[in-house]
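Below you'll find the structure, written out as structure tokens, and then a few comments.
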Amino acid sequence: MNIFDLYQRHLSAVIEDLVAAGRLPAGLDLSRVVVEPPRDAAMGDLATNAAMVLAKGAKTNPRALAELLSEALTAVPGVAGVAVAGPGFINLTLAPGVYRDVMRAVLTDGKDFGRGAADGVPVNVEYVSANPTGPMHVGHGRGAVFGDALANVLAFAGRQVTREYYINDAGGQVDVLARSAFLRYREALGQDIGEIPEGLYPGDYLKPVGAELAARFGDTLEAKPEAEWLPIARDVAIAGMMAMIRDDLAALGIHHDVFFSERTLHGANGGAIKAAIDALTQRGFVYRGRVPPPKGQLPEDWEDREQLLFRATDVGDDIDRPLMKSNGSYTYFAADVAYLENKHARGFRELIYVLGADHGGYVKRLQAVGRAIGGKEMEVIVLLCQLVRLLRDGEPVKMSKRSGDFVTLREVIDEVGRDAVRFMMLFRKNDATLDFDLAKVVEQSKDNPVFYVQYAHARCASVFRQAAEVLPGASMVGEALASHDFSRLNDDSEVEILRRLAQYPRVVQASALSHEPHRVAFYLYELASAFHSLWNKGKDSPQLRFINADDRDLTTARLGLVLAVRSVLASGLAILGVAAPEEMR
RNA sequence: GACCCCGUAGCUCAGCUGGAUAGAGCAGCAGCCUUCUAAGCUGCGGGUCGCAGGUUCGAAUCCUGCCGGGGUCGCCA
């Protein structure tokens with residue numbers, strides 16, 4: 001039950017009635033009309049800009065139209081008061097019964113309160129896609145958590161979501177990986193390999209791969225020429241890296257539906273890439289030509305030559321993009337064209353890419369490919385996650401990548417836990433840089449948002465543990481509590497909580513629509529705050545405590561409120577992928 | 001040189017796709033509490049929304065141009 005949607009529909013009906021009665025002209029554009037929470041709760045429960053937006057079309061002024069609308073709105077069920085304010089806002093005060101209906105909806109719908117109707121429209125969310133050449137770092141972690149929470153909120157809103165990971169297992173870097181692994185293989189055979197040469201991956205994480213190669217192949221690879229051992233070392237190394245990455249993702253509670261290998265696009269005779277380029281060629285998007293050299297300092301080895309290009313400038317990009325390298329192999333971008341074509345062929349018309357901020361330059365060309373392949377009905381949405389600064393007590397954590405000895409995502413998860421990582425990654429807009437303080441995120445105090453929100457949930461659980469002792473035999477489940485009379489929940493703090501609960505469906509909806517899961521995190525913080533506030537009031541005013549042994553009726557009503565809060569907190573935390581603990585020990 | 005992101009209270013950040021007197025948490029100040037619902041409570045002060053134009057009934061929000069901070073930009077992946 002979304003009261004904002006509900007009253008928006010009521011409002012539309014009121015307007016239609018006025019049109020039918022000839023008091024408003026037909027053909028008004030209602031698309032900009034919104035029903036939202038007023039800026040100040042003292043103004044009422046709902047506010048609409050209808051009069052201001054429609055005044056011009058109705059050939060009147062906002063205040064006059066507001067008067068007309070408000071007169072009609074008084075007759076709408078659940079409306080207890082209507083007031084015109086400011087430049088033409090209409091503020092609605094709702095009858096208390098409406099919030100009781102919201103409570104009942106929360107209690108009976110449980111986990112499904114706020115869930116959008118399944119629309120069956122598929123959306124592909126590609127996130128993480130870290131190269132299989134080493135462990136993930138904290139920046140990958142942000143994209144991983146963001147993409148996962150985004151997928152969750154889209155699914156909650158009713159979308160049919162596919163979570164996808166693109167494995168960059170083709171090209172030169174995996175050959176480097178293979179050679180690095182081969183070195184570790186020789187090491188595992190007992191040879192002295194000395195320093196890891198420049199240009200190879202130095203990290204210890206390849207030692208297990210070397211050991212595996214030694215265990216499976218003994219010393220048989222050593223005598224072979226590189227052309228023979230390299231594919232073997234490569235496959236074993238990639239498999240090892242992906243296992244490690246998937247394990248780290250699992251530690252964050254992240255599981256993709258599809259792991260898509262870039263290598264499968266190359267295939268025999270150019271495979272899918274050739275086919276995709278052929279298709280683009282037929283539509284006139286491919287030609288042989290030259291690209292201008294990059295501005296600024298000209299690269300040393302820049303060669304101006306004719307090559308195979310994608311006419312990206314026809315579909316919104318700044319420059320045409322090369323599809324083939326001088327050595328005759330396809331560019332990374334060419335594989336991306338084929339991959340996007342593959343997604344299109346699987347029926348997706350909405351593609352979301354979650355990328356790191358360092359891929360900002362990639363946005364336009366991806367969207368260009370989308371347009372070239374799918375035309376206007378293809379929507380390519382690229383969301384960039386800005387950098388993460390890792391701190392400890394306010395001091396930057398040193399990260400030297402040179403030795404391969406940088407702070408990995410796994411180390412951070414192991415130190416502070418999955419919940420802290422996930423919540424803090426989501427407690428910021430994706431396009432703002434994020435300070436992640438290893439010390440602060442594990443503090444058990446109200447200054448730590450993770451703790452603050454989880455603690456609110458734990459307190460709810462604690463109330464029920466106590467209620468079971470004080471009121472043995474009392475019903476504690478949603479279905480039963482829902483039928484109770486909630487009219488005695490009228491303290492300011494209680495009403496504030498009811499208002500917050502009523503906003504949840506709207507927040508989730510907006511979060512999905514705007515691709516901003518952080519809105520859910522901030523909402524939960526506010527709901528937790530309202531709940532803690534009421535809890536604290538109970539310290540000074542015993543009559544406001546949830547459990548009053550001598551007033552069973554009031555206690556039951558409050559248990560309904562607490563269960564509703566608990567339910568919404570749990571629901572929101574589930575979207576974020578953060579645990580909702582019973583207690584905080 | 002071009003492109004992307006950011007710029008809101010002393011600090012860290014929200015601001016619900018253009019609404020009303022711009023909000024929260026820290027820090028600061030002033031009280032209360034020292035526990036009964038463990039990891040305190042209540043209140044107060046604090047803003048030229050980077051700057052300058054523009055769009056309109058209305059701009060922190062949209063457009064243009066500057067300023068400042070960060071990032072990216074070759075056949076790498």
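Below, chains carry the letters A, B, ... as their sequence lines are ordered, and counting in each starts from 1. Because only heavy atoms are used, hydrogens play no part in the values below, and waters and symmetry mates are left out as well, while side chains stay in.
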Categorize [X] for me: base, sugar-phosphate, or nothing, with a 4.0 angstrom heavy-atom threshold over every strand shown.
| X | answer |
| --- | --- |
| A:Gly171 | sugar-phosphate |
| A:Asn448 | nothing |
| A:Ala47 | base |
| A:Glu443 | nothing |
| A:Gln386 | sugar-phosphate |
| A:Val53 | base |
| A:Tyr455 | base |
| A:Lys56 | sugar-phosphate |

Which residues satisfy the side-chain contact (heavy atoms from CB on, under 4.5 Å) test with [X], sequence neighbours excluded?
| X | answer |
| --- | --- |
| A:Asn2 | A:Phe4, A:Asp5, A:Pro505, A:Arg506, A:Gln509 |
| A:Ser261 | A:Asp169, A:Arg263, A:Thr264 |
| A:Thr313 | A:Arg311, A:Asp320 |
| A:Gln8 | A:Val33, A:Val35 |

Residues touching RNA chain B, which here means a heavy atom under 4.0 Å, drawn from residues 319-326 of chain A: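 Close to the strand are A:Pro322, A:Lys325, A:Ser326.
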field: Quiz item: A:Asp175 side-chain donor-acceptor pair to B:A77 base, under 3.5 Å
entry: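 Check fails, no donor-acceptor contact within cut-off.
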message: Using heavy-atom distances to pick each residue's nearest nucleotide on RNA chain B, tell me which of A:Met43 and A:Lys537 is more 5'.
response: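 Residue closer to the 5' terminus by nearest nucleotide: A:Met43.
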field: Residue pair A:Phe333 / A:Arg365, side-chain heavy-atom distance below 4.5 Å
entry: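 Answer yes - side chains close enough.
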query: Taking CG from A:Leu524 and C1' from B:G25, how many angstroms apart are they, rounded to a whole number?
result: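 Going from A:Leu524 (CG) to B:G25 (C1'), I get 16 Å.
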Which residues pass the ring-ring contact (aromatic ring centres under 6.0 Å, His included) test with [X], not counting sequence neighbours?
| X | result |
| --- | --- |
| A:Tyr332 | none |
| A:Tyr362 | none |
| A:Tyr166 | A:Tyr339 |

Which value, in whole Å, describes the distance between the [atom1] atoms of nucleotides [N] and [M]?
| N | M | atom1 | value |
| --- | --- | --- | --- |
| B:A14 | B:A60 | C1' | 12 Å |
| B:A52 | B:A59 | C1' | 15 Å |
| B:G54 | B:C76 | P | 47 Å |
| B:G25 | B:G71 | P | 33 Å |

- request: Examine the side chains of A:Asn131 and A:Thr133 and answer whether a donor and an acceptor come within less than 3.5 Å of each other.
  value: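 Short answer, no.
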Tabulate protein N/O versus nucleotide N/O from nucleotides 26-31 of chain B, keeping only pairs under 3.5 Å, one per line.
| from | atom 1 | to | atom 2 | distance (Å) |
| --- | --- | --- | --- | --- |
| B:C26 | OP1 | A:Lys446 | NZ | 2.7 |

- request: Return the nearest nucleotide to the side chain of A:Tyr525; candidates are B:U56, B:A77, B:G25.
  value: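 Of all the options, the side chain of A:Tyr525 is nearest to B:G25.
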statement: 5' to 3', nucleotides 11-18 of chain B under a 4.0 Å protein heavy-atom cut-off (B base, S sugar-phosphate only, - none) gives -SSSSBB-
- request: Could you tell me whether B:U17 is syn or anti, where syn means a glycosidic angle within 90 degrees of zero?
  value: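 Syn for B:U17; the angle stays within 90° of 0.
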side-chain hydrogen bond (donor to acceptor under 3.5 Å, both in side chains) pairs, two or more places apart, involving residues 47-60 of chain A: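 Sorted result for residues 47-60 of chain A: empty, none.
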Passing candidate, ring-ring contact (aromatic ring centres under 6.0 Å, His included) with A:Phe531, options A:Tyr525, A:Tyr455, A:Phe546: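 Between A:Phe531 and the candidates, ring-ring contact (aromatic ring centres under 6.0 Å, His included) is satisfied uniquely by A:Phe546.
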statement: Secondary structure of RNA chain B per the Watson-Crick/G-U criterion (both distances under 3.5 Å; [ ] crossing, | other strand, . unpaired) is (((((((..((((.....[...)))).(((((.......))))).....(((((..]....))))))))))))....
Any A:Asn131 side-chain N or O less than 4.0 Å from OP1/OP2 of B:A77: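 No, because none of the side-chain N or O atoms of A:Asn131 sits under 4.0 Å from OP1 or OP2 of B:A77.
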